[in-house]
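Report on the structure given below.
Small disclaimer: the values here were computed from a predicted structure and weren't measured.
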Amino acid sequence: MRRLRVGLLGVGVVGGSVARALTQKREQLNAAAGAELVLTRAVVRDPTKARDVPKNLLGTDAEALVRADDVDLVVELMGGEEPCRTLIDTALTHGKHVVTANKRVLAWHGDALFAKAAAKNVALRYEAAVCGGLPVIAPLADDLAANAIRELRGIINGTTNFIVTAMAAGGSYADTLAEAQRRGFAEADPTADVEGIDAADKLAILVRLAFGAAITPQKIFREGIAKLEARDIALGRELGYTLKLLGTARLAATGVEARVHPVFLPTSHPLARVDGALNAVQVVGDLCGPIMFSGQGAGGDATASAVLADIIHVARGALNTTRATRDLPILPMGETRTRCYFRIAVDDVPGVFAKITQVLADHAIGLASVLQREPPQAGSAEIVLLTYSAPESAHAAATADLEKLSCTRAVMARIRVDAPDEHRHA
Ligand code: HSE
């Protein structure tokens with residue numbers, strides 16, 4: 001049987017699962033690969049810690065591993081931009097296949113690395129970089145290759161989905177973030193998750209693959225969940241919507257929309273039912289229609305499932321999971337169209353409602369529904385509005401004008417709504 005010699009960079013949670021499976025599931029994996037998969041080297045920071053790799057294979061020299069004669073395929077699971085980008089580049093230069101879970105490197109440097117892999121006729125595969133155990137990269141590159149992808153939206157960050165799910169049950173942002181940290185979903189510094197940075201990296205990878213657009217994450221509009229209030233999630237629920245942090249991309253007439261922000265989805269939408277730390281991606285193709293992938297977006301064994309599948313694909317002779325890029329601009333956020341939910345604190349005096357609706361009319365924004373309750377305390381009131389579809393630039397300008405009204409105490413929330421205008425009339 002042919003041999004494929006694997007070198008492993010990083011033996012943490014995912015690397016440990018990969019190494020264990022290569023031993024414990026050897027027969028099944030070799031049969032699937034049609035080759036003998038042999039772990040020949042592994043690099044870790046501290047080789048004295050207990051590992052799932054035999055001691056004689058362990059070392060600390062990553063530079064040596066990516067050049068080693070006894071390695072055909074490098075599995076990079078260290079994470080972070082550098083030295084990983086350089087190590088992947090060096091491995092490709094030396095004619096080695098690369099399998100990586102590194103979303104940061106692929107989101108920011110993917111085009112150059114794919115070009116290098118193609119020039120060297122070696123594989124650069126990254127199923128584990130987006131949504132851990134969900135197969136979404138290979139399906140987009142291979143199984144859906146006959147489709148023009150029209151839309152893609154996903155819950156592509158498990159930490160924030162855990163938080164917004166718990167907030168929907170009434171928890172505050174601070175309490176549910178602390179709970180996510182206790183359970184090990186959220187990092188001690190949760191910035192990359194809660195500000196949508198992790199999601200924007202993943203969305204950039206998906207947009208490049210699904211639409212063939214040249215994109216890096218700085219072109220993606222990004223708004224996180226740190227300012228969300230449980231009150232808005234509850235009010236949205238009353239109006240028939242569930243809140244999610246989504247990565248959304250859509251093919252428009254003049255380019256592609258790509259954005260990460262909190263979204264109200266109709267409660268009947270398949271993504272609205274994906275709760276807790278799970279991930280899900282919905283893809284709409286011109287031939288296949290809507291398809292949804294859902295499951296565990298993180299975790300050792302789930303992510304190892306994706307890494308091992310990539311190794312098997314390479315052993316079978318499959319190279320890169322990418323589409324050729326084309327000249328397709330990423331649209332400025334102002335040009336995207338959405339509906340919006342507003343919650344506005346106002347003075348409880350006659351004529352306020354007329355002034356607010358006039359601002360929306362001035363910006364050609366239609367009003368779909370309105371919620372106002374008798375206020376619990378004299379003097380102030382709260383108005384909740386749901387608009388029809390309008391450009392982001394109009395919604396942003398209307399928000400600024402609403403804030404300027406003398407009767408407005410504060411625009412407490414503006415949350416974009418992903419639903420067709422006819423949703424509530426269906
Ligand atoms: N921090 C990520 C998440 C997992 O919460 O989904 C790794 O991508």
Side-chain angles (χ1 to χ4, degrees), residues 2-23 29-30 33 35-45 47 51-54 56-130 137-138 205 300 303-322:
R2 219 161 29 93
R3 299 177 93 211
L4 185 72
R5 296 165 301 175
V6 175
L8 188 55
L9 290 173
V11 194
V13 176
V14 179
S17 288
V18 169
R20 271 197 310 281
L22 284 172
T23 306
L29 297 179
N30 288 352
E36 190 187 352
L37 306 178
V38 191
L39 186 64
T40 49
R41 286 174 184 245
V43 158
V44 291
R45 235 177 272 134
R51 304 281 174 186
D52 299 290
V53 171
N56 62 317
L57 304 184
L58 279 178
T60 54
D61 190 346
E63 272 290 332
L65 186 147
V66 296
R67 297 161 193 265
D69 288 340
D70 60 359
V71 170
D72 306 308
L73 183 154
V74 173
V75 176
E76 186 277 304
L77 299 173
M78 300 192 327
E81 194 159 346
E82 287 295 354
C84 295
R85 188 207 64 79
T86 305
L87 290 167
I88 291 171
D89 187 69
T90 308
L92 297 172
T93 301
H94 284 77
K96 303 191 189 306
H97 305 295
V98 173
V99 168
T100 178
N102 198 316
K103 61 201 156 208
R104 183 115 283 235
V105 166
L106 288 167
W108 288 89
H109 309 288
D111 286 339
L113 293 172
F114 289 125
K116 165 84 56 105
K120 290 284 177 181
N121 199 31
V122 290
L124 172 56
R125 298 185 68 99
Y126 53 100
E127 186 62 65
V130 179
I137 300 298
I205 293 171
T303 308
S305 160
V307 172
L308 291 161
D310 274 344
I311 297 173
I312 288 167
H313 279 300
V314 174
R316 290 174 177 175
L319 294 184
N320 300 324
T321 34
T322 187

**Asked** Between atom CD1 of Ile311 and atom CG of Leu22, what is the distance when rounded to the nearest 0.5 Å?
**Response** 5.5 Å
**Asked** For Val74 and Ala91, which heavy atoms make the closest approach, and how far apart are they?
**Response** CG2-CB, 3.9 Å
**Asked** What heavy-atom pair brings Gly95 and Val122 nearest, and what distance separates the two atoms?
**Response** O-CG1, 3.3 Å
**Message:** Show, in sequence, the C-alpha distance, side-chain angles and deciding distance for Ile137 and Ile205, and conclude whether the side chain to side chain contact (heavy atoms under 4.5 Å, CB included) test is met.
**Reply:** CA-CA 9 Å; Ile137 300 298; Ile205 293 171; 4.1 Å; yes
**Message:** I'd like to check Leu37 versus Asn30 (side-chain heavy atoms, cut-off strictly below 4.5 Å). Are they in contact?
**Reply:** yes
**Request:** Output the distance between atom CG (Leu124) and atom CZ (Phe114), rounded to the nearest 0.5 Å.
**Result:** 5.0 Å
**Message:** As a quick check of understanding, evaluate side chain to side chain contact (heavy atoms under 4.5 Å, CB included) for Thr100 and Ile88, giving each step before the final call.
**Reply:** CA-CA 9 Å; Thr100 178; Ile88 291 171; 4.0 Å; yes
**Heavy-atom check, side chain of Val6 versus side chain of Thr40, under 4.5 Å** = no
**Prompt:** Can you name the nearest heavy-atom pair linking Gly16 to Asp52, along with the distance?
**Reply:** CA-OD2, 3.5 Å
**Message:** Less than 3.5 Å apart, any donor N or O on the side chain of Glu76 or Asn102 sitting next to an acceptor on the other?
**Reply:** yes
**Request:** Starting at CZ of Arg85, measure out to CG of Leu87 and round the result to the nearest 0.5 Å.
**Result:** 9.5 Å
**Message:** Salt bridge check, Asp72 against Arg5: does any charged N sit closer than 4.0 Å to a carboxylate O?
**Reply:** yes
**Prompt:** Within a strict 4.5 Å, meaning less than it, do heavy atoms of the Val38 and Leu4 side chains meet?
**Reply:** no
**Request:** Determine the minimum heavy-atom distance between Lys103 and Ala129, stating which atoms define it.
**Result:** CB-O, 3.4 Å
**Request:** For residues His97 and Val314, determine if any side-chain heavy atom of one lies less than 4.5 Å from a side-chain heavy atom of the other.
**Result:** yes
**Message:** Counting only heavy atoms not in Asn56 (residues, nucleotides, ligands), do more than 12 fall under 6.0 Å from its CG?
**Reply:** yes
**Request:** Starting at OG of Ser17, measure out to CG of Leu77 and round the result to the nearest 0.5 Å.
**Result:** 10.0 Å
**Request:** Would you please test Val71 and His94 for side chain to side chain contact (heavy atoms under 4.5 Å, CB included) and show each step?
**Result:** CA-CA 10 Å; Val71 170; His94 284 77; over 6 Å; no
**Request:** Please report the C-alpha distance between Lys116 and Thr93 in whole Å, then the side-chain angles of each, then the deciding distance to 0.1 Å, and finally whether the side-chain hydrogen bond (donor to acceptor under 3.5 Å, both in side chains) criterion is met.
**Result:** CA-CA 7 Å; Lys116 165 84 56 105; Thr93 301; 2.8 Å; yes
**Message:** When you compare the side chain of Val43 with that of Leu8, does any pair of heavy atoms fall below 4.5 Å?
**Reply:** no
**Message:** Side chains of Arg104 and Cys84, heavy atoms from C-beta outward: is any pair under 4.5 Å?
**Reply:** no
**Prompt:** Is there a donor in the side chain of Glu127 and an acceptor in the side chain of His313, or the other way round, less than 3.5 Å apart?
**Reply:** no
**Request:** Locate the shortest heavy-atom distance separating Ala315 from Ala35; write the atom from each residue and the value.
**Result:** CB-CB, 4.2 Å
**Prompt:** Does the side chain of Leu9 come within less than 4.5 Å of Val66's, by heavy atoms?
**Reply:** yes
**Request:** Identify the two heavy atoms, one from Ala68 and one from Lys96, that lie closest to each other, and give their separation to 0.1 Å.
**Result:** O-NZ, 2.8 Å
**Side-chain (Glu82) to main-chain (Thr86) donor-acceptor, under 3.5 angstrom** = yes
